[in-house]
Amino acid sequence: MSTTRRILVTSALPYANGPIHLGHLVEYIQTDIWARFQRLRGHECYYVCADDAHGTPIMLRAEQEGISPEALIERVGEEHRRDFAGFRIGFDNYHSTHSPENRELATLIYERLKAAGHITTRVIRQAWDPEKGMFLPDRYIRGECPRCGAPDQYGDACEACGATYSPAELRNPRSVVSGARPVEKESLHYFFKLGDFEPMLRAWTRAGHLQPEVANKLDEWFAAGLKEWDISRDAPYFGFEIPNAPGKYFYVWMDAPVGYMASFKNLCARTGLDFDDWWGPDSAAELYHFIGKDIIYFHALFWPAMLHGAGFRTPSAVWAHGFLTVNGQKMSKSRGTFIRARTYLDHLDPEWLRYYFAAKLGPSVDDLDLNLEDFVQRVNSDLVGKVVNIAARCAGFITRRFEGRLATSLERPALHERFVAAGETIAEAYEGREYARAVREIMALADEANRYIDERKPWFLAKEAGREAEVQAVCTQGLNLFRVIMGYLKPVLPRVAAETEAFLRCPPLTWVNIGEPLLDHTVAAYQPLLTRVDPKAVEAMLADARADLAEAGEAAAPAPAPGDEPVAPEITYEDFMKVDLRVARIVAAEAVEGADKLLRLVLDLGGERRTVLAGIRRAYDPEALAGRLTVMVANLKPRRMRFGVSEGMVLAAGPGGRELWLLAPDEGAQPGMRVK
RNA sequence: GGCUAGGUAGCUCAGCUGGUCAGAGCACGGCACUCAUAAUGCCGGGGUCGUGGGUUCGACUCCCACCCUAGCCA
């Protein structure tokens, strides 16, 4: 505590291609808590991040939307910033990899590596889309698995049998972009000679910069041999062009981690911090990267090697966390547990999630489960029932009987002392990213504070004449214990902590000033600091998450509750008769490849057959549909969709997603009969 | 398929290098209290520690095999 540390922390850069979801937030909340904790300890700590804005998916997505990549990343970047702000992620800077600083630094690193002989070139053969005129990443080629024959598999691995292979081995391959059959084509690529750094990396990975299990994992990669890393991509590509290499661009993963530096450099320009002091080879500052376990390879091998090779410092540590599961299972769009940050914020308090994650986060790469039932109980009992309750049960007496005035001394200084002393253990836990342990310790204090109040029974004393001073003393003690607890929870609950400071009318809580109790001091009237989680709100959020999914890619239309949707304007009988509704038999139903929510239905209209693409995949199993009767709009103008032409519409009711119900005629109706 | 992790009470998790380690919180049952957002305090039931072997005087803790879950395989 005596020396002030200088610390720079980062979270991995979210890809500027889609919304932030709860899985992302594990990492941002984990990092934010750590950064806030360091500042409360009196250290100089900066937290920077940025959008990862380059690469093929962004280029194609922008094209699909008919906008420029710049416009896309601008819009997504705005959404990301809003979502992070909603969860009170306190970045000191949030930048973009598509920035002048990043171009400059990526280029500089590349040129230094090249000058030092760590870059080589080689012609490789790669799949090429002749229609689209571009090389295809493996994930943009689909076909049948060469091993098990499963249809519609990616170019690199089979989801059905787990086989890995090269796109050239796929049977009947086609480009996801154009549908064309890819051809092989040659191209000159630039490679980073990672093997040059093997001795340095072997030493670095075992020098305490990584979690032990991560270092174990890296041994596997060392054993397999470090291969050269392909850092170039051919035009068309959205990224930075490689110097003296027209038509060649830096692969997105090359300039993405440089984004950490670029964001910090941008911060330096604003604040006057000295960039070299933090990133120079002899920097005494600390640098920590929080990442997900899926991107260890990039951060624990490529990144330190690049930095070292280009004459920059290497990270003090790279810390990987596990993935988020929801109710014990992988977040899943089809189960409706793929929850966006925004969807959460529309229904629930961000402090709740921050607390829940903190209560379950450890320093390991274990996955973290968001069990929604547990979430409700945990937040309600720990935060509301225990912690905030301490203030609520003391404040009334102080306000009503003493006009908000606290006593001039503590009733049990030793108890307060023990609370203050616990701060060191709690700090160790935060420092070591053992938030779950920190929270356990803090909750034990809250239990103790409640026991104390129970033992002293201020409500009983208040009824006894002449014991007013005792009531004041007990509540003063209780509020001071509460204040210490909130100080310890401040990294996790910034809003509640700020409101606590307002309620207590005390200066911002820090680890340093927490030891001084508030005495002979007037506090404000108590307002509830935190409300209970209503399980209905969680249900509503899940319903929204399902609706988000049902409308993914379409114009968002909120699903009205049954009966809420206003009745459409009046029409005449003639108007109605323009719609030709027919009884139809579903003779075949199958999922549409590549579409999340479409089924391809073949309908029999009593002789005539129609193919209809219906957005009911989430609600109906294709097998269950074959043979049944329904009603369709038979004279709807055929509509060309991405996956084919739809010749009509089947009738269904419901908000969408899983909640859709097909109409069915009563017994006796025959295919082709008109409905009127 | 290989590798790295995880599989402990209904739920979420602690259990460091083998011998009070079979625990906590929540949920559940009983009692007390009523200051507090049906909050709090006390007491209690509940687990053959994924399965099957092995090492040991003794294993949740070490070894082997298998099953399940997650991620990675550039």
Side-chain angles (χ1 to χ4, degrees), chain A residues 138 147 156-158 161-165 191-192 194 211-231 251 253 292-298 300-302 320-325 327-331 356 359-362 364-401 434 436-437 439-441 443-444 446-463 471 474-475 478 482 526-534:
Chain A
D138 293 353
R147 190 167 86 180
D156 50 358
C158 174
C161 73
T164 56
Y165 40 78
F191 291 81
F192 174 50
L194 186 63
Q211 294 134 296
E213 62 265 44
V214 172
N216 290 345
K217 181 66 185 172
L218 293 196
D219 280 346
E220 172 195 343
W221 291 330
F222 285 126
L226 299 180
K227 294 180 195 159
E228 294 178 345
W229 181 36
D230 187 349
I231 57 163
Y251 174 42
W253 261 111
K293 63 180 176 180
D294 54 330
I295 55 176
I296 288 170
Y297 199 88
F298 296 97
L301 293 180
F302 293 143
H321 62 259
F323 273 55
L324 180 71
T325 56
N327 290 338
Q329 292 178 301
K330 199 166 12 171
M331 285 214 308
Y356 188 75
K360 301 185 77 167
L361 269 170
S364 72
V365 298
D366 294 348
D367 289 349
L368 188 157
D369 186 44
L370 168 59
N371 179 298
L372 289 165
E373 233 173 277
D374 184 50
F375 167 78
V376 174
Q377 288 165 355
R378 189 88 194 245
V379 169
N380 286 346
S381 70
D382 285 5
L383 249 28
V384 182
K386 284 181 185 174
V387 175
V388 164
N389 185 229
I390 299 165
R393 61 194 308 202
C394 292
F397 293 110
I398 291 289
T399 305
R400 286 193 299 270
R401 292 165 182 265
E434 298 182 83
R437 189 159 76 82
V439 165
R440 272 201 304 280
E441 299 279 345
M443 285 309 133
D447 286 340
E448 207 173 334
N450 275 309
R451 272 198 298 273
Y452 162 77
I453 296 165
D454 242 67
E455 182 196 323
R456 297 294 285 118
K457 299 184 177 37
W459 58 92
F460 176 77
L461 300 172
K463 289 173 190 153
V471 175
V474 170
C475 293
F482 171 69
Y526 179 80
Q527 307 283 338
L529 292 165
L530 195 72
T531 56
R532 304 171 62 79
V533 186
D534 181 352

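Please read these numbers as outputs of a predicted model, since none were measured by experiment. Below, chain A is the first sequence line, B the second, and so on; all start at residue 1. All heavy atoms count here, side chains included; hydrogens, waters and symmetry mates do not.
Spacing of C1' atoms, B:G15 relative to B:G25, comes out at 15 Å, to the nearest Å. Taking atom P in both B:G2 and B:C64, one finds a spacing of 15 Å when rounded to whole Å. Going from the C1' atom of B:A27 to that of B:C67 covers 30 Å, rounded to whole Å. B:U8 and B:A14 have their P atoms separated by 10 Å, with the value rounded to a whole Å. Comparing the same atom, P, in B:G54 and in B:A59 gives a spacing of 12 Å after rounding to whole Å. Here the separation of B:C26 from B:C73, taken at their C1' atoms, is 39 Å to the nearest Å. Across the P atoms, B:A32 and B:A70 are found 49 Å apart, a figure rounded to whole Å. Rounded to the nearest Å, the gap between the C1' atom of B:C60 and that of B:U17 is 15 Å.
Here the side chain of A:N389 is nearest to one of B:A36, B:G71, B:U37, namely B:A36. Distance from the side chain of A:L530 is smallest to B:U37 among B:C26, B:C33, B:U37. Residue A:Q377 places its side chain closer to B:C26 than to any other of B:U40, B:C26, B:U12. Each of B:C26, B:C72, B:U12 was ranked by its minimum atom distance to the side chain of A:N371; first place goes to B:U12. Of the candidate nucleotides B:G41, B:C72, B:C26, B:C72 has the atom nearest to the side chain of A:W221. Relative to the side chain of A:D369, the nucleotides B:A36, B:U12, B:C42 differ in distance, and B:U12 lies closest. Across B:G71, B:A36, B:C11, the shortest atom-to-atom separation from the side chain of A:D374 is found for B:C11. Distance from the side chain of A:F323 is smallest to B:G71 among B:C26, B:A39, B:G71. Listed candidates were B:U37, B:G6, B:G25. Nearest to the side chain of A:D366 is B:G6. Of all nucleotides listed (B:U37, B:C42, B:C35), B:U37 comes nearest to the side chain of A:Y526.
B:C72 and B:G2 make up a base pair, with Watson-Crick or G-U wobble contacts both under 3.5 Å. Across the strands present, B:G18 finds no partner; the criterion is a Watson-Crick or G-U wobble pair with both atom distances under 3.5 angstrom. If you check B:A59 for Watson-Crick or wobble pairing at under 3.5 angstrom, you find it has no partner at all. Pairing of B:G52, defined by two Watson-Crick or G-U wobble distances under 3.5 Å, is identified with B:C64. Both distances falling under 3.5 Å, in either a Watson-Crick or a G-U wobble arrangement, occur for no nucleotide opposite B:U37. Across all strands shown, B:A27 forms no Watson-Crick or G-U wobble pair with both distances under 3.5 Å.
A salt bridge does not link A:D366 to A:K360: none of the charged nitrogens lies less than 4.0 Å from a carboxylate oxygen.
The 5' end of RNA chain B is approached more closely, in terms of each residue's nearest nucleotide, by A:D382 than by the other of A:E448 and A:D382. Residues A:N450 and A:A359 both approach RNA chain B. Their nearest nucleotides, taken by heavy-atom distance, put A:A359 toward the 5′ side.
Under 3.5 Å, the side chain of A:K360 and the base of B:C13 form no donor-acceptor pair of N or O atoms.
Protein atom CD of A:E455 is 20 Å distant from nucleotide atom P of B:A32, rounded to whole Å. For A:E373 and B:G10, the CD to C1' distance is 10 Å, given to the nearest whole Å. When rounded to the nearest whole Å, the span between CZ of A:R456 and C1' of B:U40 equals 16 Å. Rounding to whole angstrom units, CD of residue A:E213 and C1' of B:G71 are separated by 12 Å. Following rounding to the nearest Å, A:N380 (CG) and B:C11 (C1') show an atom-to-atom distance of 15 Å. Summarising the geometry, the separation between NZ on A:K457 and P on B:A32 is reported as 14 Å, rounded to the nearest angstrom. The separation between A:K217 atom NZ and B:G2 atom P is 13 Å, rounded to whole Å. Regarding A:L372, its CG atom lies at a distance of 16 Å from the P atom of B:C11, rounded to whole Å.
Residue contacts shown for A:R440 are limited to sugar-phosphate atoms, with no base heavy atom under 4.0 Å away. Heavy atoms of A:R451 sit under 4.0 angstrom from primed sugar atoms or phosphate atoms, though from no base atom. Base engagement by A:L529 is indicated by at least one non-hydrogen atom pair under 4.0 Å involving a base atom. Residue A:G225 is in base contact, counting any heavy-atom pair closer than 4.0 Å across all strands shown. Among the atoms of the strands shown, none is found under 4.0 Å from any heavy atom of A:P458. A:G396 comes within contact range of no nucleotide atom at all, as no heavy-atom separation falls under 4.0 Å. Contacts of A:V388 with the nucleic acid, taken as non-hydrogen atoms under 4.0 Å apart, include base atoms.
Atom CD of A:E213 is surrounded by more than 12 heavy atoms from other residues, nucleotides or ligands within 6.0 Å. No more than 12 heavy-atom neighbours from other residues, nucleotides or ligands sit within 6.0 angstrom of CZ on A:F460.
Taking side-chain N and O atoms only, A:R378 has no distance below 4.0 Å to OP1 or OP2 of B:A27.
Counting all heavy atoms, side chain and backbone alike, A:Y452 lies closest to A:V474 at OH-CA, 3.5 Å. Considering all non-hydrogen atoms of both residues, A:L226 and A:W221 come closest at CD2-O, 4.1 Å. Pairing each heavy atom of A:V533 with each of A:N380, the nearest pair is N-OD1, 2.6 Å. Here the shortest heavy-atom pairing between A:F323 and A:D367 reads N-OD1, 2.7 Å.
Here the side chains of A:Y356 and A:L383 are not in contact, with every heavy-atom distance at 4.5 Å or above.
For A:F302 and A:W229, the gap between ring centers is short of 6.0 Å.
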